[in-house]
Amino acid sequence: MFTGIVEEVGRVKGLYRGARSFTLEVEAHRVLEDTQVGDSIATNGVCLTVTSMTSHSFTADVMPETVNRTALGQLTTGSPVNLERALSLQTRLGGHIVSGHIDGTGRITDRRQDDTALWLTITCNSSLLRYIIEKGSVTLQGVSLTVARVDETSFAVSLIPHTQAATTLHNAQVGDLINIENDVIAKYVEKLVGPFQNNNAKDIYSHMAQCGFK
């Protein structure tokens with residue numbers, strides 16, 4: 001589990017491709033400080049398991065499902081990537097609850113500067129957009145962001161200068177494919193109330209109470 005607060009920007013050191021999967025080697029520093037083989041590191045928002053490491057890099061296997069569902073397949077040697085270690089019980093939850101399990105990808109369709117803010121508009125399919133609400137949370141490339149606007153086909157976020165400086169999003173350009181993770185709470189709520197969509201509110205609240213929601 002992660003928070004969406006990027007700890008450092010690493011760089012792809014090597015890509016070792018198989019038929020439908022690949023091994024990724026990432027050069028990093030801060031996220032390696034207390035990391036061991038088997039630990040998780042979110043890489044552009046994708047939860048990856050460290051399979052080997054040195055004092056200045058780690059490797060992780062990227063399976064076909066991950067290649068199909070994320071934008072990691074577009075990485076090349078030298079690509080910058082957002083990195084975050086899994087949170088600990090002592091971690092401040094500065095962003096929101098992030099699983100590192102990407103729901104799909106979107107494409108940047110507009111980029112504009114508004115004084116110190118950088119606005120990005122992302123177009124995605126309806127299966128992703130249904131969980132995105134104005135002033136709600138979304139994770140883009142592993143970065144926890146607040147949704148500023150939503151319409152029928154896209155949503156927009158506004159990046160403060162710190163986020164621009166501390167992540168790879170300042171390099172995002174129109175046409176780029178990016179990883180999207182929806183708010184996990186929205187998905188669980190939909191799963192819980194789905195069987196009762198045609199029932200009244202009393203039945204829904206009763207079912208949620210049985211599931212531990214008060």
In Å and rounded to the nearest 0.5 Å, what is the [atom1] to [atom2] distance from [X] to [Y]?
X	Y	atom1	atom2	value
R111	L159	CZ	CG	9.5 Å
D61	T23	CG	OG1	4.0 Å
Y131	N182	OH	CG	7.0 Å
K187	H101	NZ	NE2	9.0 Å
T77	E27	OG1	CD	12.0 Å
L192	E190	CG	CD	10.5 Å

Hydrophobic side-chain clustering at under 4.5 Å (ILVMFWY, transitive links): who's grouped with [X]? Put none if nobody.
X	result
I133	none
W119	none
F2	V98
F58	V12, L15, F22, L24, V26, V31, L32, V37, I41, V46, L48, V50, M53, V62, V67, L72, L75, V81, L83, I102

Only one of V150, I122, V157, D103 passes side-chain contact (heavy atoms from CB on, under 4.5 Å) with V138; say which it is.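 Result for side-chain contact (heavy atoms from CB on, under 4.5 Å) with V138: V157.
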Over all atoms of both residues, closest heavy-atom pair of [X] and [Y]:
X	Y	result
L118	L169	CD2-O, 3.9 Å
D183	S137	CB-O, 3.9 Å
R11	G78	NH1-O, 2.6 Å
H96	S144	ND1-OG, 2.7 Å

In this structure, are over 12 heavy atoms from other groups packed under 6.0 Å from L87 atom CG?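 Buried by this count: over 12 neighbours within 6.0 Å.
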Is the number of heavy atoms from other residues, nucleotides or ligands within 6.0 Å of CZ (R30) greater than 12? no
Who are the side chain to side chain contact (heavy atoms under 4.5 Å, CB included) partners of [X], not counting sequence neighbours?
X	answer
N125	S127, L128
R69	E65
S88	Q90, T91
L177	A71, Q74, T105, R107

Would you mind listing every side-chain hydrogen bond (donor to acceptor under 3.5 Å, both in side chains) that reaches into [range], with sequence neighbours excluded?
range	value
residues 48-59	K13-H56, E25-S57, T51-T59, S52-T59, T54-S57
residues 158-168	N82-T168
residues 145-157	D151-S154
residues 32-45	D34-R85

Do [X] and [Y] have side chains that get closer than 4.5 Å, going by heavy atoms?
X	Y	value
Q141	N179	yes
D115	Q113	no
M1	S99	no
I180	F155	yes

Is there a path of hydrophobic side-chain contacts, each under 4.5 Å between heavy atoms, that joins I178 and V147?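 Linked within one cluster.
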List the steps and the verdict of side chain to side chain contact (heavy atoms under 4.5 Å, CB included) for R20 and N68. CA-CA 9 Å; R20 297 179 55 236; N68 293 337; 3.9 Å; yes
Test item: [X] side-chain N/O and [Y] main-chain N/O as donor-acceptor pair under 3.5 Å:
X	Y	result
S79	T76	yes
E181	L140	no
E84	V6	no

